[in-house]
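Below is one structure, written out as structure tokens; comments come after it.
Note that ligands are numbered from 1 as they come in the structure, with each ligand's atoms numbered from 1 the same way.
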Amino acid sequence: MSYPYQIKSLEEYNSAYKKSVEDPEKFWADIAENFTWKNKWDKVLEWNFKEPKIKWFINGKLNITENCLDRWAESQPDTPAIIWEPNDPESHRRKFSYKELLLKVMQFANVLKNNNVKKGDRVCIYMPMVPELAIAVLACARIGAIHSVVFGGFSAQSIADRIQDAECSLVITADGAYRGNKTIPLKAIIDDALVRCDSVKKVIVLTRVRTPVSMIKGRDTWWEDEIQKVESEGNPYCAAEEMDAEDMLFILYTSGSTGKPKGVVHTCGGYMVYANYTFVNVFQYQPGDIFFCTADIGWITGHSYIVYGPLSAGATSLMFEGIPTWPDAGRFWDIVDKHKVNIIYTAPTAIRSLMAYGPDFIKDKNLGTLKVLGTVGEPINEEAWHWYHENIGKKKCPVVDTWWQTETGGIMISNLAGVTPQKPAHTTLPIPGIQPVLINEKGEIAEGNNTSGNLCIAFPWPGMLRTTYGDHERCRMNYFATYDNLYFTGDGCLRDENGFYRITGRVDDVLNVSGHRIGTAEVENAINMHTGVVESAVVGFPHAIKGLGIYAYVIFNGIHHDEDLTKQDISQTVARIIGAIAKPDKIQFVNGLPKTRSGKIMRRILRKIAEGETHNLGDTTALLDPAVVEEIQKGKL
Ligand code: WTA
């Protein structure tokens, strides 16, 4: 097996890029030819960014699971598709060949059918990082159900919001999850969520930790019992539903600068082609390589680079249930040695945290099988980049710094490992098909090199979001209304003297905390739900491990018996409403917030104070009451 569209040299990159801009339709059609279609498309692209309307491979019919499973089950049945490393290094790893994975997926697809799930129905998946999570995702895709995976760290309230928004009819979960030396009671959290979710008719529960759980008659059923039922029915086959290229494949909720998280919608055809193309090219995957993406399938990185990208390329994807620091901070590197990993893809926050544990945890590791290192989720600082390159890659592995978003479906700006040049802390060059544009403060296109601005994309690509679920206007407002005819990413960006891109971070009110995307408005809403809280303002501040930490300024008029306890209580409320990942790192009680005369909080000033800036707070003349700034500065934590 080889990938005819795999770029092998800088010259090939340049010519692919040129072709992708001059004739995008031909460029993507040539790539799409390499997939299994039940029916070819009759037109490659229809689009405008005004509505927006984006359609790729019009009238093409396919099922993504035939591309991820059936074709490989036939041509390379015994190649491992998924290798699973459990939380506990002493327990057994599990392995699924393409042939085995296809069978498991068809079996569970039949379970879904038995439970009345039909094409177009939404299924919420809230599971630990076990192979059954990937199986559940693919089983939905098999029958044309739309999956909405919710990360295991979100609270009952967050799950309920997501289930209600998508009107899910079925939930797939587990009794509990292992995470380092802790267990998390997933089913109990689902039970709390479902108090508010009338649309859910069935809950399928996988046994993982075998903690006692409540099972409601008529609604809740065990995964294992359901499998037994389909086994006794004796038909292991499940046909792949014919899907239109533009039918929804999944919804994934993500935070924006306002309101509740929005359901980013990806469709079958374009997403598949794009996830595959970027996987094959950025990581320079070669058949037989073991690819280890450390993300959770609850995030887009897991969707695109544990499941759909690697499997659609017939690759071997390593899936890890645990955390990088348990039983010790050498866990990733033990996994690399144990499974002879060739490509590892992780987040700067993990790199920085392992770096902080010191050299002891790498000194007796081999790491000799590694060929490519990847990073994603937030800007990587030069120190972490060099540590990764030197200590893990032994200076012989290219580091791919991959910039992209839930909305983009796949990697957008990144060097191609060993093929295009790398530069520490720079994501470098766009993937063929991607046309980045920087917009300066005047709202004009910043031309040439050595410049900066807000990062936009000028032309559609197959993996881009199509809408936000149930609210197309919100999609337009969020991404297509800021600048005419451009997709606005929300990120700030520099273009250096070589034309390499460097992402500087979000320019909106979204924080990347440990690579998790959190909206400041969401955290404020949660804090404001705490009794006694009058108002709050949340900003990010530089954090050595997390990238950004969460700094909350809170006006509180309740009675403090103990200020520290009140802070912990507020954190607890945030954990209840959103999840532990959104707990503030610092809470400062204040008497007032800096506001303009029209009542708008001036976050710019609060951000500067949180960053430790003492003098240069910028223009404060628009403030209603400049005295609050001084007071806030005095109380800074
Ligand atoms: C940030 C994750 C700098 C960025 C795939 C983006 C990055 C947000 C990088 C999307 C990178 C992602 N360098 N920043 N290599 N990769 N980001 O939706 O701010 O969870 O807008 O998708 O992460 O986060 P999301």
Parallel, tilted or perpendicular, as decided by the 30° and 60° cut-offs, for the rings of Y5 and F35
parallel
Open item on the list: Quick check: Y308 with H303 (ring centres under 6.0 Å apart)?
Closed with: no
inquiry  = Counting the benzene-type ring for Trp, do F283 and Y345 have ring centres under 6.0 Å apart?
reply    = yes
Contacts satisfying side-chain hydrogen bond (donor to acceptor under 3.5 Å, both in side chains) that involve residues 376-388 (not counting sequence neighbours) are R352-E378, R352-N381
Ring centres under 6.0 Å, that's the criterion: do F154 and Y253 meet it?
no
Could you walk me through whether I439 and I445 pass the side-chain contact (heavy atoms from CB on, under 4.5 Å) check? CA-CA 5 Å; I439 303 289; I445 293 183; 3.8 Å; yes
Residues with a heavy atom under 4.0 Å from ligand 1, by chain and number, are I300, T301, V376, G377, E378, P379, D401, T402, W403, W404, Q405, T406, T427, D491, I503, R506, N512, R517
